[in-house]
Amino acid sequence: MTDETVQPDETAPDLDEKATAVRDAYAFEGTRIHLGALVRHDEPDPQVPVNLALGMLNRHGLIAGATGSGKTKTLQVIAEQVAAAGTPVFVADMKGDLAGIAVPGEGSEKLTARARARGQEWTARAGTTEIFSLGGQGAGIPIRTTVSDFGPVLMAKTLGLNGTQESSLSLIFHYADTKGLGLLDLKDLRALIQFLTDDEEGKKELKGIGGVSAATAGVILRELTEFENSGADVFFGEPAFDTKDLLRTAEDGTGIVSCLELPDVATRPTLFSTFMMWLLADLYQDLPEVGDADKPKLVFFFDEAHLLFKDASKAFLERVVQTVRLIRSKGVGIFFITQTPKDVPGDVLAQLGNRVQHSLRAYTPEDAKALKATASTFPRSDDDLVEVIPALGTGEAVVTVMSEDGAPTPVAVTAVRAPESSMNPAPAEALEKIVGSSSLSAYAEVVDRESAYEILGRRDEGASAGGGAGADAAGGAPAESAPAPERAGPESDASGEEKPARASKSSRKDDGILGNPAVRSFMRSAGTALGREITRSLFGTRRRR
């Protein structure tokens with residue numbers, strides 16, 4: 001066991017055949033996560049513990065139920081025990097009530113008695129926790145990524161682009177990748193789109209790899225501008241977050257709980273859910289294959305999962321399904337948390353071997369239909385789940401999990417144990433203390449390296465000095481002009497220092513925008529070798545070398 005539990009009396013004479021079968025099915029040999037106790041005769045029976053096998057959490061899971069049914073507390077119960085067993089955990093705090101996992105709970109006689117009835121010896125405790133925020137919005141270490149690392153597929157989902165627009169955006173990213181142009185933040189992407197679609201030189205270069213229509217470019221630019229004006233620009237930039245920092249353990253060997261605070265999820269739901277998908281995609285491409293192990297490398301809890309799948313294209317969903325299917329062999333387990341299983345596409349739902357279903361209501365014909373569909377996804381049970389699920393009390397759930405031999409366990413109506421960390425939001429002072437003592441404070445130092453925006457702006461300045469059209473003063477993107485002529489005098493590098501005059505254009509290895517010394521300067525600083533295209537993963541995220 002990963003925690004102190006009341007040991008069941010396995011010789012108790014009053015266990016019927018069904019209870020005995022449940023007890024035996026959930027008594028796994030390896031490390032167990034204690035979920036609660038079987039409900040018998042309307043009361044939890046501590047003689048029949050219901051567990052999760054730690055080693056099978058990479059078979060993924062679903063925690064579902066109506067608002068107020070206890071989903072968040074079930075998440076907390078599982079997460080704190082997984083961390084105690086030595087596996088790092090990632091949770092997204094959508095509503096601000098999960099950060100209490102960083103603070104020991106407050107005991108009471110009522111809580112202790114309730115816990116004992118579920119086979120739990122309750123002790124106030126909290127594991128080592130890191131508090132994160134997206135782009136420094138709110139308390140927490142900032143998580144940012146570059147536009148290039150985020151990739152065209154996830155960016156298209158965030159911007160709400162259709163299939164044609166997504167393909168065009170992918171073409172623009174491809175151009176940046178092959179030319180070594182750094183897309184670090186949103187203004188870089190906007191400047192590059194304007195260059196490739198408005199500038200004569202840019203049009204010629206883009207035409208060589210397919211071209212983008214003016215109408216499509218206009219839609220992308222409008223969506224990008226609206227997205228940037230909403231304040232989303234703070235989520236993109238440097239230093240880019242290294243997802244390997246989610247895989248750390250504490251000095252005592254327990255897993256660190258990484259808690260991402262998302263207090264404003266209602267204002268940017270698609271961005272938040274897509275950003276979490278980027279975290280998973282990045283982990284998938286970086287982690288080595290490990291197969292089945294005694295414990296996962298990471299368990300990832302994806303709250304408000306319906307936001308990820310809302311208005312998603314078929315191609316995007318196919319990538320989600322493939323990532324969920326394949327990341328298991330990398331040692332990562334994913335739990336989706338949502339209100340009803342129908343919020344999760346069927347192909348994804350089929351990959352979720354561990355299921356915790358809290359109460360659902362059936363107030364409308366549509367609700368009743370969803371309830372029947374939910375009940376039908378569970379293994380055959382002697383209980384009528386269409387009747388049982390709506391009647392579940394707060395903190396009760398219908399459970400089936402993946403056994404160690406790969407088969408689903410019998411359905412168990414379970415009274416879920418109590419979290420041992422705080423069930424209330426963590427005080428602001430506690431969060432500030434955790435963030436202030438974090439070893440990841442370097443992520444708070446914003447870096448603004450030279451990238452596509454500055455490079456294209458410098459190119460346009462050169463064109464203007466040579467008699468061509470000037471840059472758009474508002475956006476810094478190049479206006480339509482002829483390529484900048486070569487200057488015979490000294491040039492300046494990215495640091496502003498004068499450099500000797502360069503050879504004529506005809507003697508250079510690269511023409512066009514690659515002739516700009518700032519491009520070479522960036523490519524050196526970015527660690528990108530000339531002529532080496534960035535390779536991208538299943539989700540279009542950048543593969544690190």
> Can you check side chain to side chain contact (heavy atoms under 4.5 Å, CB included) on Glu420 and Trp122, steps first, answer last?
CA-CA 7 Å; Glu420 296 182 328; Trp122 191 89; 3.7 Å; yes
> Can you name the residues that form a ring pair (Phe, Tyr, Trp, His ring centres under 6.0 Å) with Phe335, not counting sequence neighbours?
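With sequence neighbours excluded, Phe335 shows a ring pair (Phe, Tyr, Trp, His ring centres under 6.0 Å) to Phe301, given in chain and number order.
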> With heavy-atom distances below 4.5 Å as the criterion, would you say the side chains of Glu261 and Val435 are in contact?
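Side-chain contact under 4.5 Å: no.
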> Could you list the donor-acceptor pairs under 3.5 angstrom formed between side-chain atoms of residues 392-404 and any protein atom two or more places apart in sequence or on another chain?
from: Glu396; atom 1: OE1; to: Gly393; atom 2: N; distance (Å): 2.9
from: Thr400; atom 1: OG1; to: Thr409; atom 2: O; distance (Å): 2.7
from: Ser403; atom 1: OG; to: Asp405; atom 2: OD1; distance (Å): 2.3
from: Ser403; atom 1: OG; to: Ala407; atom 2: N; distance (Å): 3.2
from: Ser403; atom 1: OG; to: Ala407; atom 2: O; distance (Å): 2.7
from: Glu404; atom 1: OE1; to: Glu29; atom 2: N; distance (Å): 2.9
from: Glu404; atom 1: OE2; to: Gly30; atom 2: N; distance (Å): 2.9

> Mind checking whether Thr374 and Leu385 have side chains closer than 4.5 Å, heavy atoms only?
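Thr374 does not reach Leu385 side chain to side chain.
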> Sort and list the pairs that fulfil side chain to side chain donor-acceptor pair (under 3.5 Å) and have at least one residue in residues 129-140, not counting sequence neighbours.
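Qualifying pairs, neighbours excluded: Glu130-Arg248, Glu130-Ser438.
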> Can any side-chain N or O of Arg118 pair as donor or acceptor with the backbone N or O of Val416 at less than 3.5 Å?
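Yes; at least one donor-acceptor contact below 3.5 Å.
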> Taking the side chain as every heavy atom from C-beta outward, state whether Ile63 and Ile78 have any atom pair closer than 4.5 Å.
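A side-chain contact under 4.5 Å exists here.
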> Could you work out, with salt bridge (Lys or Arg N to Asp or Glu O under 4.0 Å) as the rule, every residue matching Lys18, not counting sequence neighbours?
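In terms of salt bridge (Lys or Arg N to Asp or Glu O under 4.0 Å), with neighbours along the sequence ignored, Lys18 is linked to Asp383.
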> Considering only heavy atoms from C-beta outward, does the side chain of Thr31 approach that of Asp294 to under 4.5 Å?
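Not touching, per the 4.5 Å side-chain cut-off.
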> Which pairs count as ring-ring contact (aromatic ring centres under 6.0 Å, His included) when at least one residue sits in residues 82-112, sequence neighbours excluded?
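Those involving residues 82-112 are Phe90-Phe300.
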> Do Thr323 and Met277 have side chains that approach each other closer than 4.5 Å (heavy atoms only, starting at C-beta)?
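Thr323 vs Met277: side chains touch.
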> Quick one: sort the Phe236 and Phe275 rings into parallel, tilted or perpendicular, breaks at 30° and 60°.
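It falls in the tilted class, 30° to 60°.
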> With a 4.5 Å limit on heavy-atom distance, are the side chains of Tyr443 and Asp242 in contact?
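Of all side-chain heavy-atom pairs linking Asp242 with Tyr443, at least one is under 4.5 Å.
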> Excluding sequence neighbours, so at least two apart, what forms ring pair (Phe, Tyr, Trp, His ring centres under 6.0 Å) with Tyr26?
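So Tyr26 forms no ring pair (Phe, Tyr, Trp, His ring centres under 6.0 Å) with any residue.
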> Quick test of your reading: applying ring-ring contact (aromatic ring centres under 6.0 Å, His included), list the pairs with at least one residue in residues 409-442, sequence neighbours left out, ordered by first then second residue.
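For residues 409-442: none.
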> Give me each pair satisfying salt bridge (charged side-chain N to carboxylate O under 4.0 Å, His left out) with a member in residues 51-79, each pair once, sequence neighbours excluded.
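Qualifying pairs: Arg59-Asp292.
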> Using side-chain heavy atoms (C-beta onward) and a distance below 4.5 Å, is Tyr284 in contact with Leu326?
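They are in contact (side-chain heavy atoms under 4.5 Å apart), so the answer is yes.
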> Please list all pairs passing the salt bridge (charged side-chain N to carboxylate O under 4.0 Å, His left out) test where one or both residues lie in residues 230-241, with sequence neighbours left out.
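Listed by first then second residue: Glu238-Arg449.
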> Sort and list the pairs that fulfil ring-ring contact (aromatic ring centres under 6.0 Å, His included) and have at least one residue in residues 46-81, not counting sequence neighbours.
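Sorted pair list comes back empty.
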> So, using ring pair (Phe, Tyr, Trp, His ring centres under 6.0 Å) as the criterion, who are the partners of Phe28 when residues are at least two apart?
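Partners of Phe28 by the ring pair (Phe, Tyr, Trp, His ring centres under 6.0 Å) criterion come out as none, since no residue qualifies.
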> Stepwise, does the side chain to side chain donor-acceptor pair (under 3.5 Å) test hold for Glu304 with Ser273?
CA-CA 8 Å; Glu304 301 292 339; Ser273 62; over 6 Å; no
> Determine whether Lys95 and Asp303 make a side-chain contact, defined as any pair of heavy atoms from C-beta on separated by less than 4.5 Å.
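Sidechains of Asp303 and Lys95: in contact.
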> Suppose the criterion is salt bridge (charged side-chain N to carboxylate O under 4.0 Å, His left out): which pairs have a residue in residues 335-363, not counting sequence neighbours?
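Listed once each, the pairs would be none.
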> If you take the centroid of each ring, where Trp contributes its six-membered ring, are Phe241 and Phe132 closer together than 6.0 Å?
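Under 6.0 Å, so yes.
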